[in-house]
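What follows is a set of notes on a single structure, which appears directly below.
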Amino acid sequence: MKKVLVVLFALMCVVGTANAQQIKLSVGPEVALPMGAFGDAANIGFGGTVRAEYPVAPNMNLMLTAGYLMWGGKEFDFGFFKVTTDYSAIPILAGAKYFFAPGIYGMAEVGIHMFTFKAETTGGLFAGSSSTSESKFGGGVGVGYEAALSPTVGLDLNAKYAFVSGDLSYIGARVGVKFGL
């Protein structure tokens with residue numbers, strides 16, 4: 001298995017070097033609205049993502065996305081003590097973008113979200129803090145629009161529903177600045 005991974009990595013490096021002018025990079029802020037039970041425990045989230053794109057067909061790009069998102073927690077009052085939660089995630093996703101018309105696209109991604117959960121307890125015998133980290137499988141589907149700002153720089157707007165195992169799904173909206181390498 002290690003040999004296969006080494007060969008695939010070497011192939012990606014050769015193809016990436018040969019076609020570096022075709023690779024586009026997009027950097028931008030993201031807003032993440034937690035859904036379901038996650039929405040009951042966390043407030044709206046903010047962060048940023050970096051996305052690399054490589055065209056594989058006239059209307060299709062492959063994508064690799066990584067970033068950092070954080071959600072402010074809510075305070076739960078149990079009378080004699082309070083618990084405040086805090087959440088953050090590092091999403092690492094691979095996917096594809098398909099252009100239906102000039103500038104208008106649909107996208108799909110799969111990968112992992114490396115979540116960190118923190119809780120702080122105040123009052124009574126329960127005072128203290130704790131944290132734990134878990135990797136969760138996830139993905140997302142969404143739509144977006146790209147517009148050229150100049151011959152080498154573009155704007156990439158998109159919205160997606162990100163489903164994450166463990167009921168940690170969210171709706172994300174992103175504004176990215178896209179440029180070639």
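Computed from a prediction, not measured in an experiment: that's the story for all the values here.
Taking the six-membered ring for Trp and the full ring otherwise, the centers of F100 and Y98 sit less than 6.0 Å from each other. Ring centroids of Y145 and Y105 are separated by 6.0 Å or more, keeping the two rings apart.
V164 and I171 are assigned to two separate hydrophobic clusters, defined by single-linkage of ILVMFWY side chains at heavy-atom distances under 4.5 Å. Placement of I112 and M70 within a single hydrophobic cluster is found when ILVMFWY residues are connected by side-chain heavy-atom separations under 4.5 Å, directly or transitively. Under the 4.5 Å side-chain heavy-atom criterion for ILVMFWY residues, no single connected hydrophobic cluster contains both V31 and V141. By the rule that hydrophobic residues join a cluster once side-chain heavy atoms approach within less than 4.5 Å of another member, L93 and L69 end up as members of separate clusters. At a threshold of 4.5 Å between side-chain heavy atoms, the hydrophobic network of Ile, Leu, Val, Met, Phe, Trp and Tyr places V143 and Y161 in two separate groups.
Remark: S131 OG to E120 CD distance equals 11.5 Å, nearest 0.5 Å. Rounded to the nearest 0.5 angstrom, K82 NZ and T121 OG1 are separated by 12.5 Å. Residue N43 holds its CG atom at 10.0 Å from OH of Y87, rounded to the nearest 0.5 Å.
Counting only heavy atoms from C-beta outward, the side chains of L181 and L25 approach each other to under 4.5 Å. Annotation: side chain of Y54 is not in contact with side chain of K24 (no heavy-atom distance under 4.5 Å). Inter-residue side-chain proximity for F179 and T152 is flagged as unmet; no heavy-atom pair is nearer than 4.5 Å. With a 4.5 Å cut-off on side-chain heavy atoms, K160 and E30 count as touching. Two residues are said to be in side-chain contact when any heavy atoms from C-beta on lie closer than 4.5 Å; L155 and K178 fail this criterion. Under the 4.5 Å side-chain criterion, counting only non-hydrogen atoms from C-beta, I23 is not in contact with E53.
Taking the six-membered ring where tryptophan is involved, the planes of F115 and H113 are essentially parallel, since the angle between them stays under 30° and well short of 60°.
For F38 against D167, the heavy-atom pair with the smallest separation is CB-O, 3.4 Å. What you find for P34 and A42 is that their closest heavy atoms are CG-O, 3.5 Å. W71 approaches I44 most closely through the heavy-atom pair CD1-C, 3.9 Å. For the pair A41 and F76, the tightest heavy-atom approach, listed with the atom from each and the gap, is CA-CZ, 4.0 Å. Closest non-hydrogen pair, P55 versus Q22, comes out as CD-O, 3.4 Å. Residues M114 and S135 come closest through the heavy atom pair CG-OG, 3.4 Å.
No side-chain donor from either of T49 and T65 sits under 3.5 Å from a side-chain acceptor of the other. In summary, the side chains of S26 and R51 do not present any donor paired with an acceptor at a separation below 3.5 Å, with no hydrogens or angles considered.
In this structure, the side chain of T116 does not engage the main chain of S133 through any donor-acceptor pair within 3.5 Å.
A salt bridge links K97 with E146: the distance from a Lys NZ or Arg NE/NH1/NH2 to an Asp or Glu carboxylate oxygen falls below 4.0 Å. Electrostatic pairing of D86 and K74 does not count as a salt bridge here, judged by no charged N lying under 4.0 Å from a carboxylate O.
Surrounding NZ of K118 are at most 12 heavy atoms belonging to other residues, nucleotides or ligands under 6.0 Å away.
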